[in-house]
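In the text below, chain A, chain B and the rest are named by the order of the sequence lines, each starting its count at 1.
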Number of protein chains: 2
Amino acid sequence: MTITLNKRTFNHMVELCAHQIDIVFHALSDATRRQMLSELTLGERTVGQLAEPYDMSLAAASKHIKVLEGAGLVRREIQGRTHLCRLEPGPLATAHQWLGFYERFWTDRLDALERLLKEDDARKAAEARTQAKPASKPGNEA
Amino acid sequence: MTITLNKRTFNHMVELCAHQIDIVFHALSDATRRQMLSELTLGERTVGQLAEPYDMSLAAASKHIKVLEGAGLVRREIQGRTHLCRLEPGPLATAHQWLGFYERFWTDRLDALERLLKEDDARKAAEARTQAKPASKPGNEA
DNA sequence: AAAACACTAAACCAATCGGTTGACAATCAC
DNA sequence: GTGATTGTCAACCGATTGGTTTAGTGTTTT
């Protein structure tokens, strides 16, 4: 079961040639572009609308959009003189899956943390008990 | 219990200012570095061990590792003259969560696809039926 | 003490990145 | 047609990236 999932993820890792994952992660590594994506979450936007919030030239914003398009994260539909952009979530799903491969590591880590905290609680409780009734049950210590 | 865990992760997302997400995604945007991470999945590795598979100078690989370290994805423990590296999955969890925000978009997309396929099947089944018994139920066509 | 080892630091290089400006192309509105 | 609007393209700029090489630091081995 989990083996199948891992294989699937592994295949994704291999099949989608690494270079395209490079491109997707690189597209996501810029805050402006991530904000644009989140704006596209709310619906289609023209290039001008996407560019408007930013203190940069339209040409610069247009380049950002082209990067997103190149990563397959955005599709553009030209309507007359305006270009309508929409979110294309496929590559995001791929990246999410890629990261999902590492999920067991952080969950393991959190599990370990939880275990430590529990042990710590138990130790402190035991300490409190020995403080209250000293030398009553000298078994589990150290 | 689980609420505590989520808050912790959520704090990560908020506390980690966008610039740090920039850094994490940038670190992930290079195939060499991603391979190094996957190698660290199998256990601790020295810098030399991590560098060995690649056709580049040790100094170049060392720089890659420093990028991973800067992103918080790797922690280094200096033992004598060797540096032991281990995977630090926290930032990966953050990135995974960040992408998870967009999950509904690709699942919606897949749902829509599934619906279309189902409709298509139904249409084809109907076609087959009208082929077998022509002019039997001339209701739902076009 | 000397030599080998594991690794970083620094200087350098070509390529890319994110931004600019100015010119251009296409469309809409009058 | 004229003029505004929407957007790209091309050239340029400084900063960063990924790589190199050479030198240097500290540790282990002998």
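Side chain of A/S62 to backbone of A/L58: no donor-acceptor contact under 3.5 angstrom is found. A donor-acceptor pair under 3.5 Å links the side-chain atoms of A/R34 to the main chain of A/L28, judged by distance alone.
The stretch residues 58-65 of chain A touches DNA chain C through A/A59, A/A60, A/K63, A/H64, each having a heavy atom under 4.0 angstrom from the strand. Sorted by residue number, the members of residues 80-87 of chain A with any non-hydrogen atom under 4.0 Å from DNA chain D read A/R81, A/T82, A/H83. Of the residues in residues 32-55 of chain A, those with a non-hydrogen atom less than 4.0 angstrom from any atom of DNA chain D are A/T46, A/V47, A/G48.
Nearest nucleotide to the A/H26 side chain, out of D/dT17, C/dG18, C/dA9: C/dG18.
Within the structure, the salt bridge (Lys or Arg N to Asp or Glu O under 4.0 Å) test picks out the following pairs touching residues 45-63 of chain B (sequence neighbours left out): B/E39-B/R45. Within the structure, every pair that satisfies the ring pair (Phe, Tyr, Trp, His ring centres under 6.0 Å) test and touches residues 104-127 of chain A, not counting sequence neighbours, is listed here: A/W106-B/H96.
Side-chain contact between A/L50 and A/I65 is present, with heavy atoms from C-beta onward closer than 4.5 Å. The closest side-chain heavy-atom distance from A/H26 to B/F25 is not below 4.5 Å. Within the 4.5 Å cutoff, side-chain heavy atoms of B/V47 are placed close to those of B/C85.
One interatomic measurement links the two molecules: CE of B/M56 to P of D/dT17, which rounds to 16 Å at whole-angstrom precision. The nearest whole Å value for the distance from the CD1 atom in A/I23 to the P atom in C/dT16 is 12 Å. Atom C1' of nucleotide C/dG19 and atom NZ of A/K66 are separated by 14 Å, given to the nearest angstrom. In this entry the distance linking CD1 of B/I78 with C1' of C/dC7 reads 9 Å, nearest Å.
Ion pairing between a basic and an acidic side chain is recognised when a charged N comes within 4.0 Å of a carboxylate O; B/E77 and B/R86 show such pairing.
With sequence neighbours excluded, the residues forming a side-chain contact (heavy atoms from CB on, under 4.5 Å) with A/H64 are A/D30, A/T32, A/R33, A/M36, A/M56, listed by chain and number.
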